[in-house]
There are 2 protein chains.
Amino acid sequence: MSTVRSQSDRQSNCQSGPRVAEDPRERILLAAGQEFAEHGYEAATVRDICLEAGVNVAAVNYYFGDKRRLYIESVKHAHEARARQVPLPAWPPSTPAAERLHDFVANMLERMLGFGQPPWQVRLMMREVLQPTDACRELVEDYIRPHFAVLVAILDELAEGAIADPELRRIGLSIIGQCFLYRAAGDVVAMLVPSEELAALHSPPQLAAHVTRFALAALGLGPPLPLKERRR
Amino acid sequence: MSTVRSQSDRQSNCQSGPRVAEDPRERILLAAGQEFAEHGYEAATVRDICLEAGVNVAAVNYYFGDKRRLYIESVKHAHEARARQVPLPAWPPSTPAAERLHDFVANMLERMLGFGQPPWQVRLMMREVLQPTDACRELVEDYIRPHFAVLVAILDELAEGAIADPELRRIGLSIIGQCFLYRAAGDVVAMLVPSEELAALHSPPQLAAHVTRFALAALGLGPPLPLKERRR
DNA sequence: AGTTGATTGAAACAGCCGTTTGAAACGCGT
DNA sequence: ACGCGTTTCAAACGGCTGTTTCAATCAACT
């Protein structure tokens, strides 16, 4: 016979909806994002996802068709939420380009490494970057390319037109790469750098200052990195 | 039950080196490295590995115990082979530090992106870097840390003692990050940069020149990057 | 109330996974 | 020839996977 427990659950969900009262679809997407981010596509199981979402295993097929389409939807969902949560800084027109560069780098690092947001969204997107699947193109076009274009525009302003676009893109990738390393290979970085040094010099704000100074110095727009006097 | 080291090791190191006729143990390690590199630990199956190695499925348990130990052994095997194949450049003592930096970067890029060697070894090591497992620590200590130390020594020579070690490490990571991006996120880079530009400006030699110039300029040891005359 | 269509539930499906088994095949000193 | 330890083989083992089934349940409308 039918259990009575599920019926009481449904009644509590109907009126108040205080606990986890979202769409089942939404709950599945949330749980799927976390599971896929943590374990990857292959290792994550729809059973674990449904267990965490509090729905039946059949629900994922009912709402999304199969695992692959659920994955793609969860990537979309994560990067849309991320774009909404951490938008690009909106600078007043008078902001110096150097300051924009620093803000951009700090924003990127905070988005990648910061603890302001739950980390699974970035981890999920990082998996797509490292090993692209069908969901990658959309992620690049909607999220990464616009950010990259802003960075290139800032660099163009800094160079005052003296650098052609291809070279600007190369410099932009150099800047992104410096931040990317800490996100993708953070564990190895932590093994290469003493822990107290890691906390003192490799925190997001410190890194933002370093990367910005590095780039400005390379462009001849700031003092070179050996700040102390030379002892030749 | 314990794993078995092949009893016929004595003749295996002969000069001949026929193509597929090595130790079963060696064949399994080779096939496992390729499969793990391509699909990752979870998605790779021991059946596919044994099929490619031309051995029975029971062989992997006979020689290695289980899948996890086979994985760890294959990572060790890959990074030992890699260290043997592509050693660090041995510079004559008179070599200028700037030239050493360029050689180091070019060597790293060639190792990461070059087509001189089968790509699966680097891909396998990259997986360990991105998501460390038990095999990671050894990989860092034997392979990555020595390379990193060489880079830091070059930078120290360039800075002529004007930069403290922690800052040198940070600069070193900045240089590595620029190369790392192309290896780990190469697909996304290819989507952000027009294809003809990618071939012309983002090949390993071009990148080595760019990264070196970028770093030297940041250190005040070379011309800043806007090389063309300004047009504003 | 009765009907309809959307949603949920427990159970089962076929298939692949890593691993184990027990016996056959091998190499080799005697 | 024999015996013996090492290596290979086909087959099977639970167990877990994604997916499907179909009846039960729900909300809404007539």
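Because only heavy atoms are used, hydrogens play no part in the values below, and waters and symmetry mates are left out as well, while side chains stay in. Letters A, B, ... mirror the listed sequences (proteins, then strands); counts begin at 1.
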Counting distance only, does the side-chain N/O of Arg169(B) pair as donor-acceptor with the main-chain N or O of Val152(B) below 3.5 Å? no
Mind checking whether Tyr41(A) and Tyr71(A) have parallel, tilted or perpendicular rings, split at 30° and 60°? perpendicular
Taking DNA chain C as the partner, which of residues 56-70 of chain A come within under 4.0 angstrom of it by heavy atom? Asn56(A), Val57(A), Ala58(A), Tyr62(A), Tyr63(A)
Which distance, rounded to the nearest 0.5 Å, do you find between the CZ of Phe36(A) and the NZ of Lys67(A)? 5.5 Å
Take atom NE2 of His39(A) and atom P of dG18(D), then tell me their distance rounded to the nearest Å. 13 Å
Kindly state which residues belonging to residues 42-52 of chain A come within less than 4.0 angstrom of DNA chain D, counting heavy atoms of the residue only, listed by number. Ala44(A), Thr45(A), Val46(A), Arg47(A)
Does Arg69(B) come within less than 4.0 Å of Asp66(B), counting only side-chain N to carboxylate O? yes
Starting at CD of Glu35(B) and ending at C1' of dC17(C), how long is that distance when rounded to a whole Å? 15 Å
For Glu38(B), does the CD atom have more than 12 heavy-atom neighbours from other residues, nucleotides or ligands under 6.0 Å away? no
Does the Arg137(A) side chain pair with the main chain of Met191(B), one donor and one acceptor, at a distance under 3.5 Å? no
Tell me which pairs pass salt bridge (charged side-chain N to carboxylate O under 4.0 Å, His left out) where either residue lies in residues 170-181 of chain B, with sequence neighbours left out. Glu167(B)-Arg170(B)
How long is the span from the CD atom in Glu138(B) to the CD1 atom in Ile144(B), to the nearest 0.5 Å? 12.0 Å
